[in-house]
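All remarks here apply to the structure that follows.
Everything numeric in this text was worked out from a predicted model, so none of it was measured.
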Amino acid sequence: MPRLIENWLNSLCHMLPGLARAIVKSDGNDRLIAQWPDDSILKPDLISVANTLGCDSATEVKVLPLADSNDSQVYIATTLEQNKLKIGIAVFEFKAPQSQIDILQQLISWGKDWLNQMLILSREKSGKGSQQLLEFIEDIIQIQKIDELGATVVNRLAQLRQFDRVALVLVKNQQSSVKALSNVSEFDERNESISLIKQVADYCIEHEQPVVFPNSKGEDAEEIKKLAVFEERERIFAVPLLAHGHVVGVVSCEYTRNPADWSLGFAQVKLIARILAPLFHDRIAQAFSVKEHLWHKYKGNLEKWYKLRWLGIFGIATIIIALIFIPVRHRVVADAQLEGRIQRAIVAPEDGYLLKAHSRAGELIKKGDVVVELDNRELLLEEQRWLGQKNEYQRLYSKELIALNQTQMQIYKAQLSQAEAQLQLLQQKLKRTKISAPIDGVIIQGDLSRAIGGPVEKGQVLFEMAPKDEFRLVIEVVENDIGFISKNQSGELRLASMPNIVIAFNVEAVSPIYRESEKGLVYRIEAAIERGQYDLRPGMKGVAKIDVGKRSVIDNLFHDLANWFKLRWWSVTG
């Protein structure tokens with residue numbers, strides 16, 4: 001039992017605000033059972049207070065004012081009992097304002113009740129189960145945040161008695177809500193199962209007593225019966241958390257298969273509920289005290305602001321007038337992309353197979369540079385065949401020329417001309433197997449590095465090129481803003497690749513061409529960018545802002561909303 005009292009005192013002292021020291025001494029002598037903190041030097045004044053205050057009354061308080069401080073030195077002494085027999089006297093020394101004495105007494109009173117339940121539990125024959133339950137209570141007593149406390153309670157309780165599900169329902173502002181479920185971090189309160197748990201808890205709160213399914217008297221509550229049928233549970237019980245005369249919450253436990261020792265689990269849950277109820281009541285009260293603390297902290301500032309309300313009203317009115325009447329620059333913001341002013345396509349001149357690709361998208365090339373080579377082996381073989389034919393026709397023609405055979409001469413001469421024509425055609429095709437760049441510039445599209453050996457068709461686009469230093473800016477303006485855009489307007493461009501550089505441009509053309517996009521209809525606007533020492537590439541994207549005049553700040557911010565409202569109003573009123 002001394003070890004149990006030491007653990008109890010250590011846990012309780014961590015919950016008491018402003019606590020300086022605490023002891024537990026035996027009743028009838030000055031032998032110490034426990035003290036907090038463990039390394040503190042015991043002073044006779046605590047034992048003296050225990051002897052004078054704690055002998056004849058369950059709880060007594062002694063207050064000593066401290067000089068130059070709003071706090072007081074407060075001693076609270078209380079007797080510890082087991083089966084109505086005194087087992088010791090506990091004394092707590094605080095430095096706290098007198099307004100907190102009632103709260104401190106409530107916490108100590110709850111601590112006594114908790115110790116009493118632990119002493120009862122320690123006498124059970126269930127050995128290991130009792131020790132686990134004691135460790136469970138000692139662990140949760142340290143948790144301050146109510147969300148963490150709720151999650152720990154349901155998970156540890158489910159593990160302790162092997163429940164299939166444990167739920168915690170708390171009451172706040174006379175409204176109950178499911179706070180935590182065992183082994184579940186998130187849940188939807190609109191779920192039917194959660195709704196049924198809340199109904200069982202509301203029944204328990206209304207009657208302020210446990211509810212069990214199935215009831216030995218055969219009078220099962222309708223709410224708990226619905227939950228049992230929905231979840232296919234053989235045993236359910238819900239226990240209210242009663243603190244200071246009202247219910248602060250409910251713990252419900254469910255078994256899918258009814259165990260033989262369910263009554264022991266029910267008894268332990270009721271015991272734990274008696275300990276948890278004041279704890280959750282305290283945590284909820286602390287949550288409310290935080291709000292009150294914030295209110296008192298900022299109350300003085302709010303009062304000062306209230307006294308200066310007319311100055312604030314004048315300032316707000318001035319700002320509103322400025323927003324309505326002072327014009328500011330109005331700019332249309334749109335996505336933009338660079339394109340080459342002239343774009344040329346490199347196409348395959350003949351059907352064939354790709355032999356080499358010397359370039360790819362993004363590379364700078366000069367006019368005449370070979371960018372692609374097609375396989376010419378078949379053409380070379382064909383050239384050799386026709387060259388042999390030509391030589392043969394030349395020999396036969398010479399033979400007939402010597403024999404002065406005019407008829408055969410004319411035949412071989414024609415065949416010789418045909419062979420020469422075929423050779424010229426093959427030589428032209430061989431030249432076209434090496435495809436060259438038509439202009440100086442940069443390849444903006446095309447990569448054949450993975451298509452080596454693959455077939456290409458006549459007219460197939462292999463690359464697209466654009467001059468390196470000749471660009472046009474394409475701006476895509478949404479439908480709502482296209483009415484503000486006109487030719488010769490100026491603007492500024494920032495590219496994603498160089499966001500620190502502002503590039504000026506002028507609108508050259510407002511095209512009627514449009515396309516569908518995520519923003520709706522967008523129209524194509526072409527602009528000329530300012531020449532400068534920029535390392536630009538076709539395809540670069542950015543954001544363009546076009547100056548379209550001046551408007552008030554209010555109009556600038558809400559013109560889209562105003563236009564939408566006008567259109568809807570016109571469509572409704574006809």
Can you tell if the side chain of [X] reaches within under 4.5 Å of the side chain of [Y], non-hydrogen atoms only?
X: Ile452; Y: Leu355; result: no
X: Lys390; Y: Tyr393; result: no
X: Val370; Y: Lys356; result: no
X: Lys179; Y: Val154; result: no
X: Val248; Y: Val171; result: no
X: Arg329; Y: Asp547; result: yes
X: Ile475; Y: Ile485; result: no
X: Lys226; Y: Val229; result: no

Report the distance from atom [atom1] of [X] to atom [atom2] of [Y], rounding to the nearest 0.5 Å.
X: Leu493; Y: Ile546; atom1: CG; atom2: CD1; value: 10.5 Å
X: Asp369; Y: Ser436; atom1: CG; atom2: OG; value: 7.5 Å
X: Leu423; Y: Arg385; atom1: CG; atom2: CZ; value: 10.0 Å
X: Thr256; Y: Ile236; atom1: OG1; atom2: CD1; value: 9.0 Å

Closest non-hydrogen atom pair, [X] against [Y]:
X: Glu189; Y: Ile194; value: CA-CG2, 3.9 Å
X: Ala348; Y: Ile435; value: CA-CD1, 4.4 Å
X: Ala527; Y: Phe505; value: CB-CD1, 3.6 Å
X: Ser182; Y: Ala158; value: CB-CB, 3.8 Å
X: Arg432; Y: Pro349; value: O-CG, 3.4 Å
X: Ala238; Y: Val200; value: CB-CG1, 3.9 Å

Looking only at side chains, do Glu231 and Ser193 share a donor and an acceptor under 3.5 Å apart?
-> yes
Of Thr152, Ile272, Leu168, the one forming a side chain to side chain contact (heavy atoms under 4.5 Å, CB included) with Leu157 is Ile272
Would you call Arg472 and Glu339 a salt bridge, using N to O less than 4.0 angstrom?
-> yes
Should the pair Lys145-Asp147 be classified as a salt bridge under the 4.0 Å nitrogen-to-oxygen rule?
-> no
Check the pair Phe463 / Val372 against side-chain contact (heavy atoms from CB on, under 4.5 Å), numbers first and verdict last.
-> CA-CA 10 Å; Phe463 294 103; Val372 176; 3.1 Å; yes
Check: [X] side chain, [Y] main-chain N or O, donor-acceptor pair, under 3.5 Å:
X: Asp375; Y: Arg377; answer: yes
X: Asp481; Y: Val478; answer: no
X: Arg494; Y: Pro499; answer: yes

Got more than 12 heavy atoms from elsewhere within 6.0 Å of [atom1], [X]?
X: Phe484; atom1: CZ; answer: yes
X: Phe565; atom1: CZ; answer: no
X: Gln460; atom1: CD; answer: yes

Given Lys519, Arg515, Lys541, Arg524, the one that forms salt bridge (Lys or Arg N to Asp or Glu O under 4.0 Å) with Glu476 | Arg515
I would like to know whether Glu516 and Leu521 meet side-chain contact (heavy atoms from CB on, under 4.5 Å); could you show each step before the answer?
-> CA-CA 5 Å; Glu516 291 280 354; Leu521 288 181; 3.4 Å; yes
Carefully, step by step, assess Gln415 and Leu396 under the rule side-chain contact (heavy atoms from CB on, under 4.5 Å).
-> CA-CA 10 Å; Gln415 291 177 336; Leu396 292 173; 5.7 Å; no
Do you know which of Glu383, Glu382, Gln389, Gln384 makes side-chain hydrogen bond (donor to acceptor under 3.5 Å, both in side chains) with Trp386?
-> Glu382
Kindly determine whether Asp164 and Arg233 satisfy side-chain contact (heavy atoms from CB on, under 4.5 Å), including the steps that lead there.
-> CA-CA 9 Å; Asp164 291 288; Arg233 306 295 194 195; 3.7 Å; yes
What class does the angle between the rings of Phe163 and Tyr255 fall in, given that below 30° is parallel, 30 to 60° is tilted and above 60° is perpendicular?
-> tilted
